[in-house]
Participant: 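Pasting in a structure now, in structure tokens, and then I'll have a few things to ask.
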Amino acid sequence: MAKDFLHELRWRGLLHEATPGVEELLARGPVKGYIGFDPTADSLHVGNLVQIMLLTHFQRCGHIPIALVGGATGMVGDPSGKKSERQLQDEDSLRHNVACIRAQLARFIDLDGGGAMLVNNHDWFKDIGFLAFIRDVGKHITVNYMMAKDSVKNRLETGISFTEFSYQLVQGYDFVHLHRTLGVRLQMGGSDQWGNITTGTELIRRMDGGEAHAITSPLLTKADGTKFGKSEGGNIWLDARRTSPYRFYQFWLNTSDADAERAVRIFTTWEQAEVEARIAEHAKAPHLRTLQKALAEDITRRLHGEEEVREAVRASEFLFKPWTVDQLRAYPLKFWQTLEECIPGYTTVADPSEVKEGELQGVSLKQIEDSISVQKLLARTGFLASFSEARRAIREGSIAVNGVKVTDEQQLLGGQDLIGGKYLLLQRGKKSYFLVKVGEV
RNA sequence: GGGGAGAUACCCAAGCGGCCAACGGGGGCAGACUGUAAAUCUGCUGCUUCACAGCUUCGUAGGUUCGAAUCCUGCUCUCCCCA
């Protein structure tokens, strides 16, 4: 017995708006529904995760998810939520972005079975000429209708190009095309997409006399009102090269209590009873952070896989447990190699002559062995931006080397500080770690 | 086309000849308290191995001055009003 998708969305807090009649449509049997993703970068980020979860839950309720990557719409630019005209992308970078996003989506949604698939709207737009488009599609929608959309209205004062104005037609036609060729009856998206989606349903009605539906999810913000998905040091990406699995795990682990409760509803696939049980358990002993841990593990596992989660958890447990230098030295070398992948780092250059005095970048093994000030090391390895910043950080008492707080700006380090002759663990504050590694000599 | 206002650090915004590396707020970072949470309080937030020092920075290019973010001129851009 398939679960009721709308009911699922409601208790998870994922339902914002829906067109009348969706309930009946979904009750009649498996429905094909799609969500579009913007290929503005070669990786999605946690902000896109809500939409990914919509598709995930959709599929788990027995329906057929279709992911659309906007190879064509990405060339136009969606005015929704944007204050100014968007920078256009060239075709090559779009192609690359689309390929990368495809791989990421496949981590969460089965895109190969039972009609589920990934489509690229560039495939059908590339052969449509301008005249054909404005005659066949543009004819059915009035400018008045288009101007009434919030995305357009909000830009009328500051200005909007014809290109972005046309965006809703282009996206709307996607829906028409998918409806015709694949029988797609539903489009989902964030609440800011409502206007674009309903242009699509309207086009389907006028062009083909068909009936199509829309569901949107609420815009997600944190409990303190700030945007969800941005964290210390900017965007959290799904791509491991941009955001290491460790940092991804840490992002979720750092979720506040209030946000964690909402997050487990939205981002996990746990059943309602399990979600409620875990929230209750967490409420009894919030300091144990069981909810954050479970949440972080669950999402990281689905994105990066079992092995990466284990490493992230191990590194986290290690880094946030107090230890002495001796304990640090006792750690197996293999563990340090794991750490290298988790936190940012710097590898010493082989030839000391490559590093010129006065240059900001670069440290060699010889310089460390000859003794180097902490301040210099912080700046030259790129952990901190400048000597001044390094000095300030030390004065603030936020720097530690190998777990020992540095109090003296002039403090020197030497070869004896290298752990296993190879590593130096730098730390700023509690959460920011940096690993200096001795490279090949 | 005519008239007016403005461009200051990540953002907003003071300053209108030396005491200005530039008030204040936001944001960011750190410290204390905690639970790698929230709230609160405190510090830091241009660079230079630190310094009542030097250097770069107040749209841009010049100029006046012992001395300019502050005064003058050209240029670029933004906004407002009248046609």
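Below, chain A is the first sequence line, B the second, and so on; all start at residue 1. Note that the structure is predicted; figures quoted are calculated from it, not measured.
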Participant: Between CD of Gln375(A) and CG of Leu377(A), what distance do you get to the nearest 0.5 Å?
Facilitator: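 If I round to the nearest 0.5 Å, the distance is 11.0 Å.
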Participant: May I ask you to list the residues of residues 308-321 of chain A, by number, that have any heavy atom positioned under 4.0 Å from an atom of RNA chain B?
Facilitator: Ser316(A), Phe320(A)
Participant: Please measure how far the P atom in C16(B) lies from the corresponding atom in C11(B), and state the result in whole Å.
Facilitator: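 The same atom, P, in both gives a distance of 23 Å.
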Participant: Does a salt bridge link Glu274(A) with Arg278(A), judged by any charged N lying under 4.0 Å from a carboxylate O?
Facilitator: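 Yes, Glu274(A) and Arg278(A) are salt-bridged.
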Participant: At 4.0 Å (heavy atoms only), tell me whether Gln250(A) reaches a base, stays on the sugar-phosphate, or touches nothing.
Facilitator: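 Base contact - Gln250(A) has a heavy atom under 4.0 Å of at least one base atom.
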Participant: What is the nucleic acid contact for Ser373(A), judged by heavy atoms within less than 4.0 Å: base, sugar-phosphate only, or nothing?
Facilitator: nothing
Participant: Rounding to an integer number of angstrom, what distance separates U60(B) and U76(B) when you compare their P atoms?
Facilitator: 15 Å
Participant: Answer yes or no: does a side-chain N or O of Thr255(A) lie under 4.0 Å from OP1 or OP2 of A37(B)?
Facilitator: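 Thr255(A) to A37(B) OP1/OP2: no side-chain N or O under 4.0 Å.
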Participant: Please state whether the rings of Phe335(A) and Tyr331(A) are parallel, tilted or perpendicular, taking 30° and 60° as the class boundaries.
Facilitator: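 Correct class here is tilted.
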Participant: Within the structure, does a side-chain N or O atom of Arg392(A) lie under 4.0 Å from either OP1 or OP2 of G28(B)?
Facilitator: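 The answer is no; no side-chain N or O of Arg392(A) sits under 4.0 Å from OP1 or OP2.
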Participant: Go nucleotide by nucleotide along RNA chain B from the 5' end; which of Arg395(A) and Ser398(A) gets its closest nucleotide reached first?
Facilitator: Ser398(A)
Participant: Near RNA chain B, which residues from residues 277-306 of chain A have a heavy atom under 4.0 Å away?
Facilitator: Pro286(A), His287(A), Arg289(A), Gln292(A)
Participant: Taking 4.0 angstrom as the limit, do Asp257(A) and Arg289(A) come out as a salt bridge?
Facilitator: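 Looking at Asp257(A) and Arg289(A), the cut-off is not met.
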